[in-house]
S.K.: 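Structure provided below as structure tokens; questions to follow.
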Amino acid sequence: MANSSDPTTLKTEDQLKEESWFGFPMKVYQGFWCLNVLFEGVTSFQNNFEAKDSDIILASLPKTGTTWLKSLLFAIVNRNNLCGDLSKLPFHTKTPHEIVLHLEIEVYKNFNGTPPDNILDVPSPRLFATHMPYLSLPDSIKGSKCRIVYVSRNPLDTFVSIWHFYLQFEISKGVNPSKEMMEEYLGKYCTGVSPFGPYEDHLLGYWKETQKNPKHVLFLEYEGLKKEPKAHLKRLAEFVGCPFSEEEDKKNVIDEIIELCSIKSMKEMEVNKTGKFYPWVENKALFRKGEVGDWNNHLTTSMAKGFHQMLQKLPGWFFFYI
Ligand code: A3P
């Protein structure tokens, strides 16, 4: 896609492009692929959101660990209001997506009915999430001192994850998944045609910003969090202004948060076994395997080669954990 990282230079034909993602129409908007169903929420978020310096915003591409980070961030920010009892966190009754709302999906376009009036009028620090690329965030976020946490993930695992997630809608329509169908979507993903993609533009947009302003954007990798969760949680807590004390460390608070927010623990919670996130998404679909390298079980060597060009555009450090 020509000049996709610069919204001002997008060619007219790009703006007119339409594609389908598992039956959901998408169009190019400011250089990224926006699902039509989210377009209203995206523009309303851009036009109306007033960031506060104390806000914490989780940014990510779909299927890169958003749900996990929502639970970790919420636990880190709210742990001191619980008299030391982490079981008081609301994870047993709500999914992390109901606790930390997506700005363009739930706050400015709500699929579960009308959002409460005071949704933006909550005590600081407010915690929200977005899948939007950095360049398309509202100026009030880019110009504020709010903190943005970005989580990235190996694109091969991200593709396998998004494939399984959207496949559920096709299967419910009676479609039998085939190798050809997977190859078709892999081709789309690798050429940037996926919700909020191109993948590499999204990642590089936040990466450039963290280099310019590390106090504004913290860059995390799913694989790093998996491998060294404690070190990453400490970094995350410090970045959002809620560092763990030595006493908390000694009392194993960090380990408790890691355990509570682990995919194993989340999967065991009743709300995540039986509940529905939106009327059409079961909560259990949010927690599949949560493994690094699962792509090896689904993609052939020649399919993996499709990612070659994309991987070449990523900075060298990105391959540290993967
Ligand atoms: P897999 O499909 O590879 O299992 P997102 O939350 O951005 O939609 O990302 C979904 C991916 O994160 C899924 O990956 C899901 O299983 C995994 N995931 C969800 N909760 C997790 C957790 N608590 N720890 C680790 N991975 C988690």
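Every number for a ligand or one of its atoms is a count from 1 in the order of the listing.
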S.K.: If I apply the N/O under 3.5 Å rule, does Asp294 come out as touching ligand 1?
M.R.: no
S.K.: side-chain contact (heavy atoms from CB on, under 4.5 Å) for Ser136 and Gln46? Distances and angles first, verdict last.
M.R.: CA-CA 8 Å; Ser136 294; Gln46 287 182 316; 3.7 Å; yes
S.K.: I'd like to know whether NZ of Lys173 has more than 12 heavy-atom contacts from other residues, nucleotides or ligands below 6.0 angstrom.
M.R.: yes
S.K.: Measure from NZ or CZ of Lys63 to the centre of the six-membered ring of Phe165 and say whether it is under 6.0 Å with the direction within 45° of the ring axis.
M.R.: yes
S.K.: Does Lys142 NZ have over 12 foreign heavy atoms under 6.0 Å away?
M.R.: yes
S.K.: Taking the six-membered ring for Trp, are Phe219 and Tyr150 parallel (under 30°), tilted (30 to 60°) or perpendicular (over 60°)?
M.R.: tilted
S.K.: As a check for students: among Tyr222, Phe287, Trp68, identify the option with a heavy atom nearest to atom 12 (O) of ligand 1.
M.R.: Tyr222
S.K.: Would you call the rings of Tyr206 and His202 parallel, tilted or perpendicular if under 30° counts as parallel and over 60° as perpendicular?
M.R.: tilted
S.K.: Can you list the ligand 1 atoms lying under 4.0 Å from a non-hydrogen atom of Ser161?
M.R.: 1 (P), 2 (O), 3 (O), 11 (C), 13 (C), 14 (O)
S.K.: Measure from NZ or CZ of Lys27 to the centre of the six-membered ring of Phe39 and say whether it is under 6.0 Å with the direction within 45° of the ring axis.
M.R.: yes
S.K.: Are the ring centres of Trp68 and Tyr222 closer than 6.0 Å?
M.R.: yes
S.K.: Is there any N or O on Lys63 that sits under 3.5 Å from an N or O of ligand 1?
M.R.: yes
S.K.: If you count the atoms of ligand 1 from 1 in the order shown, which ones are under 4.0 Å from a heavy atom of Gly290?
M.R.: 1 (P), 4 (O), 16 (O), 26 (N)
S.K.: Tell me whether Pro62 has any N or O atom under 3.5 angstrom from an N or O of ligand 1.
M.R.: no
S.K.: Would you say Leu61 has any N or O atom under 3.5 Å from an N or O of ligand 1, going by distance alone?
M.R.: no
S.K.: Relative to the heavy atoms of Gly65, which atoms of ligand 1 are at a distance of less than 4.0 Å?
M.R.: 5 (P), 6 (O), 7 (O), 9 (O)
S.K.: Between His298, Arg153, Lys267, which one has a non-hydrogen atom sitting closest to atom 3 (O) of ligand 1?
M.R.: Arg153
S.K.: State the atoms of ligand 1, each with its element, that fall below the 4.0 Å cut-off from a heavy-atom position in Lys289.
M.R.: 4 (O), 16 (O)
S.K.: Identify, for atom 6 (O) of ligand 1, the protein heavy atom at the shortest distance, and state residue, atom and that distance.
M.R.: Thr67 OG1, 2.4 Å
S.K.: Using a plain distance cutoff, I'd like to know if Met266 has any nitrogen or oxygen under 3.5 Å from a nitrogen or oxygen of ligand 1.
M.R.: no
S.K.: Look only at interatomic distance and state if Arg288 has a nitrogen or oxygen under 3.5 Å from any nitrogen or oxygen of ligand 1.
M.R.: yes
